[in-house]
2 protein chains.
Amino acid sequence: MLDKSHKHVTCENCLAKNSSLFKSFCNEEVDDLNIVKSCSYFKKSQPLFIEGSMPRGVFCLNKGKVKIFSRGEEGKEQIIHVAKEGEIVGFRAMFSEEPYKVTASTLEESNICFISKADFLNLVDTNVTLRNGIMKELSTELANRVTYITNMAQKSVRGRLAFALILLEEIYTGEMINLTREDLANFVGTATETLIRLLKDFKDEEIIQTHGRKIEILNHDKLITISGT
Amino acid sequence: MLDKSHKHVTCENCLAKNSSLFKSFCNEEVDDLNIVKSCSYFKKSQPLFIEGSMPRGVFCLNKGKVKIFSRGEEGKEQIIHVAKEGEIVGFRAMFSEEPYKVTASTLEESNICFISKADFLNLVDTNVTLRNGIMKELSTELANRVTYITNMAQKSVRGRLAFALILLEEIYTGEMINLTREDLANFVGTATETLIRLLKDFKDEEIIQTHGRKIEILNHDKLITISGT
DNA sequence: AAAAAAAAGTGACCTAAGTCACATTTTAAA
DNA sequence: TTTAAAATGTGACTTAGGTCACTTTTTTTT
């Protein structure tokens, strides 16, 4: 169980993780950040923000994972990204002056800090390194989504599942992949039943092993081969 | 036939079209731009840049259309975007310090200007409005790709074709959609044969009409309905 | 600890869409 | 203008993967 007040969370020890955006900050800048941020405890399946609402700030993940998804016509979730500790979520929407096109929701109980839009934009305005980092991040992400689209359009579901597992292995470093079959299916872009059948195939082929819902990767190389399918 | 030297192309009358990025420029800034840019004539199917190569600058489309695509495992093109007159192509790669993840190639003969990376980044550094425009553009595009991914994962090919035609109608304003069936299939994310069959269905349903390869939209509303499929 | 509600998993069936193999038409090149 | 080469279009066939209808297991709530 996480500490629900978690007053102990300071930016200094939080950033120690792997935030790509604030990593260039000097001590003084981290202190500034520490002053404007506010922390809170999120339980499992709690939204940070919802598609259609107006962005009010960014969220910095201290502990826990968050899924980012959009809903298709029939309301089916399409998971675009799973964010992990150290990531800043929702900063793309700070620049577009438009409502969120995605929803962010915790996958497990989490400690998450909030920085208001005004404070964040002020940081961006005054910090060249941060600004360049953001532009680079936006561009890289745009490039990643090209791959994502191409995969979705051209690969088999089996290939996409292999690719998704490789991504998730990275996101769940040091622990096992822990997603409902439905979430995994919505990430891969397939029906839950199809996903379950394919996971069984992977088990039979000794590529993965399951412990309850948790998935352990046994043969990373084989996943890479299959992901080319 | 376009003028191959097209010395008459000045930024002033070019920007009159619809460039979203340079539109805020004052006369003086446009003059600066005019000095650093160099123009050239591209014939049909000529690449502006190629996946894997290092970005050297941005391309500004004065006349003509350009497809942006990535290649899947078996080399099949996945068209991500069709750029039209007034658009600036390749600026995303200016910030990522990485090789292009996509190829850009003309769909028809074109007049295209080039601005070197150094000149472009200099503009971005010194012009706050341009910089904000770029950040906004990157964010908006990122949001659009979420829709793209969700469509690809959840819609039928018929629904995706309808969606593609709506987008292309906008891109080919004032003229008819003119793409090879293969390009259109690679945009929709399907096999060429399937695409041809679906186009025939649309013709039978009097949603579109073809003049040779060119496609005319007859019933825009019905396309919207179908694109929800 | 019991009850209720999610989630996981299976089997049977169906169909959208891919593949292959050509015929025909259009476009580009020699 | 002929030849070559793309691009378009059709038919026959196959199959990946979706849907539906359940059962079983795991979680959550009371």
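Letters go in sequence order (proteins before strands), and every chain restarts at 1. Values below: every heavy atom of this structure, side chains too, minus hydrogens, waters and symmetry copies.
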**Study point:** Interatomic distance, E109(B) CD vs dA28(C) P [rounded to whole Å]
**Key:** 11 Å

Revision key, fill the gap. In numerical order, the residues of residues 192-207 of chain A whose heavy atoms come under 4.0 Å of DNA chain C are E193(A), I196(A), R197(A), K200(A)

Exercise for review: Rounded off to whole Å, could you give me the CG-to-C1' distance for the L184(B) and dA7(D) pair?
Suggested key: 13 Å

Review point. Quick one: does K222(B)'s side chain have a donor or acceptor within less than 3.5 Å of a partner on E206(B)'s backbone?
Key: no

Check your understanding: Would K43(A) and E109(A) pass as an ion pair if we require N to O under 4.0 Å?
Key -> no

Review point. Angle class for the Y100(A)/F49(A) ring planes (parallel below 30°, perpendicular above 60°, tilted otherwise)?
Key: parallel

Review point. Looking at E108(A), E175(A), E87(A), which one forms a side-chain hydrogen bond (donor to acceptor under 3.5 Å, both in side chains) with K65(A)?
Key: E175(A)

Check your understanding: Does a sphere of radius 6.0 Å around CD in E182(A) hold more than 12 heavy atoms from other residues, nucleotides or ligands, not counting ones at 6.0 Å or beyond?
Key -> no

Check your understanding: Between dA7(D) atom C1' and N178(B) atom CG, what is the distance in whole Å?
Key -> 13 Å

Check your understanding: Whole-Å distance between dG17(D) C1' and M152(B) CE?
Key -> 18 Å

Review point. According to the interplanar angle, ranging from 0 to 90°, do the rings of F91(A) and F120(A) count as parallel (below 30°), tilted (30 to 60°) or perpendicular (above 60°)?
Key: tilted

Exercise for review: To the nearest Å, give me how far apart CZ (R181(A)) and C1' (dG18(D)) are.
Suggested key: 19 Å

Study note, to complete from the structure: What residues 153-163 of chain B contributes to the DNA chain C interface at heavy-atom separation below 4.0 Å is S156(B), V157(B)

Practice item. Report the residue from N186(B), D183(B), T103(B) that forms a side-chain hydrogen bond (donor to acceptor under 3.5 Å, both in side chains) with K67(B). Key: D183(B)

Review point. How does protein contact run along nucleotides 22-30 of chain D, one letter per nucleotide 5' to 3', with B for base contact, S for sugar-phosphate only, - for none, heavy atoms under 4.0 Å?
Key: ------S--

Review point. Side-chain contact, heavy-atom cut-off 4.5 Å: L161(A) with F202(A)?
Key: yes

Revision key, fill the gap. K214(B) atom NZ is separated from dT8(D) atom C1', nearest whole Å, by 16 Å

Check your understanding: Is the shortest distance from a Lys or Arg side-chain nitrogen in E141(A) or R145(A) to a carboxylate oxygen in the other one below 4.0 Å?
Key -> yes

Practice item. Please confirm whether the backbone N or O of R213(B) pairs with a side-chain atom of R181(B), one donor and one acceptor, at under 3.5 Å? Key: yes

Revision key, fill the gap. Pairing partner of dT30(D), by Watson-Crick or G-U wobble and under 3.5 Å for both distances, is dA1(C)

Exercise for review: Give a yes/no on whether any side-chain N or O of T190(B) is located under 4.0 angstrom from OP1 or OP2 of dG18(C).
Suggested key: yes

Review point. Can you tell me if R158(B) uses its side chain to pair, donor with acceptor, with the backbone of T229(B) under 3.5 Å?
Key: no

